Amino acid sequence: MPKTSTAFPLGDNHRSWGRYPKTRQQGIPIRWGHHRLPLEPEDDRRALPFGAGRSYGDSCLNDGGILLETRHLDRFVDFDEHTGVLRCEAGVLLSDILDLFVPRGWFLPVTPGTRFVTVGGAIANDVHGKNHHRAGTFGCHVPRFELLRSDGSRLLCSSQENPGWYNATIGGLGLTGLITWAELRLKPIPGPWIHQETIRYDNLQDFFSLSADSDTAFEYTVAWVDCQARGSSLGRGLFMGGNSCDEQHPAVERPSGLKLSVPLDPPISLINRFTLKAFNTAYYHRQRSPRRTTRVYYEPFFYPLDSISNWNRIYGPRGFLQYQCVIPQSNGPGAIKEMLKRISARGAGSFLAVLKMFGAKPSPGLLSFPRPGVTLALDFPNQGEKTLQLLDYLDEVVVAGAGAVYPAKDARMSRKSFQHYYPQHEKMQKYLDPRFSSSFWRRVTQP
Amino acid sequence: MNKTLIIGATSAIAIATARLWASDGDPLYLVARDVGKLEATANDLKTRGSSQVEFQVMDVLEHSRHLAVIEEATARLGGLDRVLIAHGTLPDQAACQADIELSRRELEINCLSTFSLLTHLANLFESKGSGTIAVLSSVAGDRGRQSNYLYGTAKGALSLFLQGLRNRLYPSQVNVITIKPGFVDTPMTDTFPKGLLWAQPERVAADIYKGINKGRDIIYTPFFWRYLMWVIKAIPEPLFKRLSL
Ligand SMILES: Cc1cc2nc3c(=O)[nH]c(=O)nc-3n(C[C@H](O)[C@H](O)[C@H](O)COP(=O)(O)OP(=O)(O)OC[C@H]3O[C@@H](n4cnc5c(N)ncnc54)[C@H](O)[C@@H]3O)c2cc1C
Ligand SMILES: NC(=O)c1ccc[n+]([C@@H]2O[C@H](COP(=O)([O-])OP(=O)(O)OC[C@H]3O[C@@H](n4cnc5c(N)ncnc54)[C@H](OP(=O)(O)O)[C@@H]3O)[C@@H](O)[C@H]2O)c1
């Protein structure tokens with residue numbers, strides 16, 4: 001049995017990707033899926049699974065409690081060459097799956113913008129990718145998993161077996177128990193290359209018409225927005241569409257592993273008004289022609305940020321906040337415009353602003369974030385009260401537009417906003433593991 | 001294709017090494033004492049590309065089964081090219097100072113059981129005239145220190161045993177490899193605070209994999225431990241005995 005107790009004191013070595021907020025908890029490595037959870041009966045602290053810590057805010061943190069570290073649950077269990085169903089433990093990284101299966105002609109059915117997340121984390125946040133308009137969320141491709149509860153019971157969950165638990169655990173923020181292993185339906189690909197089209201567009205209206213036209217032509221779509229543009233250029237940016245390539249293209253070589261890294265914490269944020277403006281303008285103008293077609297390896301296409309390890313450090317010791325919302329189609333253009341205006345009116349800017357249309361494919365997840373409409377993701381250096389006020393100000397727009405904010409990227413939404421975005425949270429109650437909790441969950445459910 | 005037997009196959013260092021062999025497609029025979037861990041490890045290695053994975057439950061203290069298990073592995077794999085011995089425990093030094101029975105038991109696990117296994121394996125490979133025997137010893141066996149000299153004694157005896165065996169098996173073209181890791185972040189050391197000198201098992205495994213392929217005699221891993229231990233061994237005893245190491 002794994003050891004527990006005072007051997008692992010509370011420490012501050014667990015951070016989320018935004019490095020805000022700073023919390024203290026006791027990390028306990030979970031090494032084997034067939035063991036019980038190492039929670040002692042007399043210990044009244046709450047526990048939370050911790051994957052790769054690639055969530056931005058506090059949904060993967062548990063101040064004053066225990067984090068059950070899943071990174072050692074990194075074993076594959078089985079792969080069925082005929083159906084493409086992979087069974088693996090929940091701490092397996094998406095990058096482990098890609099390394100092993102891309103050379104065999106298989107790809108992830110859905111992938112977020114970093115490959116350094118665990119399968120368990122991807123299920124618990126029901127993550128989405130550039131193909132949401134066609135494939136839905138990650139959870140749509142997870143037919144089955146095992147849930148280990150603090151009382152030692154194990155629930156096999158699928159749409160047939162324990163369906164209530166299945167739905168509550170997909171997008172369930174790690175609160176229903178620990179996923180020990182899961183099945184994932186991989187998809188066959190012709191090769192590791194992507195045929196990419198990049199289209200420079202002039203304003204928000206153009207984004208919506210491009211999306212309407214392109215979502216059927218491209219398996220993968222996303223747009224990067226120049227947050228500094230105003231007036232008639234508001235919302236201008238680069239729209240990227242991609243499809244898996246049919247034939248191999250030997251001219252494109254696999255880029256060699258990680259090259260860059262931010263090895264130290266700079267004393268202050270390197271992201272400020274001036275660097276932001278320069279970056280955004282340069283990025284927009286990087287592409288001269290309105291339309292460019294290229295063939296790229298899948299890694300830079302899906303994971304541009306993964307090539308710089310620890311890039312989150314550029315925001316300095318105070319960290320940064322992400323903000324991602326979704327607004328239903330009908331309110332979309334108005335709400336996005338209003339948000340971009342509010343951001344530039346406050347002189348704030350986002351280093352990376354991303355726009356994408358979500359599709360209508362429903363997720364089994366009870367508390368899942370994605371819903372049909374337009375999604376906007378932004379990040380802001382943490383400037384304290386000023387930043388928090390801006391985000392509250394954006395929440396007003398999202399509430400009015402009947403949208404929602406993504407818990408995986410949140411460190412500050414109010415209880416009221418959360419309950420507005422996720423009225424179904426009441427239904428979660430009966431599935432919560434009584435010994436589990438998170439900083440996020442306490443914040444958005446307790447008065 | 002190297003037909004490989006791994007004893008202590010569910011150790012973190014052994015698993016990381018076995019994964020490298022699995023991606024080469026090598027057939028593997030795993031021996032450890034926990035059937036749940038063995039199953040999980042075997043499935044993982046199979047999915048990662050190993051052409052054949054079999055396992056057997058055995059506590060290394062069951063000396064009477066050693067020969068039979070080695071023979072079974074050889075039969076199942078249709079031969080044997082390589083063996084990795086990785087089982088071990090980290091004795092509680094203070095507890096051992098108070099209890100000779102505990103010390104005896106720790107020596108049974110960390111050195112006598114391995115001598116027994118090595119005796120059978122050496123005879124097998126000697127008559128065959130080829131093969132590789134790689135064993136996890138430790139830098140702790142290079143010099144006795146007050147904080148862990150029982151463990152150091154076991155590993156030191158093991159390193160000497162392997163040195164003699166290497167000498168004996170040289171004419172039979174059998175490679176005997178002593179692996180000496182420094183501090184590695186594994187279940188054995190879960191409760192230790194980690195610092196700069198610590199390595200991940202994947203790093204150590206990569207060194208083992210390379211060292212075995214190159215037919216090295218002694219593998220220090222990570223490499224800097226060779227120099228660090230050279231310095232530590234060079235400190236004169238009259239000085240060394242005053243240090244609190
Ligand atoms: C650069 C970057 C780009 C990103 N792009 C996207 C994107 O495009 N789309 C998107 O949706 N997200 C995106 N994200 C967010 C990220 O995909 C999610 O936060 C993901 O859930 C992180 O997984 P993780 O393994 O790091 O889990 P953690 O962040 O450690 O944990 C996330 C949640 O999962 C729970 N959990 C972890 N393991 C288990 C388990 N075994 N059982 C039960 N619960 C568990 C935790 O308790 C926690 O609630 C991005 C993040 C980064 C850093
Ligand atoms: N970690 C380090 O810092 C370090 C440094 C130098 C050398 N080493 C050596 O490296 C080797 C591997 O250790 P590790 O770090 O990978 O630790 P580990 O993961 O804890 O592995 C130790 C293994 O030994 C097995 N074992 C213990 N007693 C046994 C017995 N009686 N019968 C059968 N198996 C038994 C354990 O089996 P169970 O899983 O069933 O408990 C476990 O799998 C050991 O020889 C160790 O001494 C380690």
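Lettering follows sequence order; numbering is per chain, from 1. Quantities reported herein were computed from a predicted structural model and do not represent experimental measurements.
The number of heavy atoms from other shown groups lying within 6.0 Å of CZ (B:Arg105) does not exceed 12. Within 6.0 Å of atom CZ in B:Arg104, 12 or fewer heavy atoms from other residues, nucleotides or ligands are found, so the atom counts as exposed in its surroundings. Other residues, nucleotides and ligands contribute at most 12 non-hydrogen atoms within 6.0 Å of the CZ atom of B:Arg76. Atom CZ of B:Phe224 has more than 12 heavy atoms from other residues, nucleotides or ligands within 6.0 Å.
With a 4.5 Å cut-off on non-hydrogen atoms, B:Thr10 touches chain A through its backbone and its side chain both. Heavy-atom distances place the side chain of A:Arg104, and not its backbone, under 4.5 Å from chain B.
Within residues 80-91 of chain B, no residue approaches chain A closer than 4.5 Å by heavy atoms. Residues of residues 179-186 of chain B having a heavy atom under 4.5 Å from any heavy atom of chain A, listed by number: B:Asp185, B:Thr186. For a heavy-atom cut-off of 4.5 Å, chain A lies close to B:Lys37, B:Ala40, B:Thr41, B:Asn43, B:Asp44, B:Thr47, B:Arg48, B:Gly49 in residues 37-53 of chain B.
For A:Arg75, the salt bridge (charged side-chain N to carboxylate O under 4.0 Å, His left out) partners at least two apart in sequence or on another chain are A:Glu89.
A:Asn13 has its side chain out of reach of B:Lys194: every pair of non-hydrogen atoms, C-beta onward, lies at least 4.5 Å apart.
Interatomic distance, NE2 of A:His72 versus CG of B:Asp190, reported as 6.5 Å (0.5 Å rounding).
Chain B forms more heavy-atom pairs under 4.5 Å with one residue of A:Leu86, A:Asp74, A:Val92 than with any other, namely A:Asp74.
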Given the rule in the side chain to side chain contact (heavy atoms under 4.5 Å, CB included) test, do B:Asp34 and A:His35 qualify, once you have shown the distances and angles that lead to the verdict? CA-CA 11 Å; B:Asp34 180 319; A:His35 287 165; 4.2 Å; yes
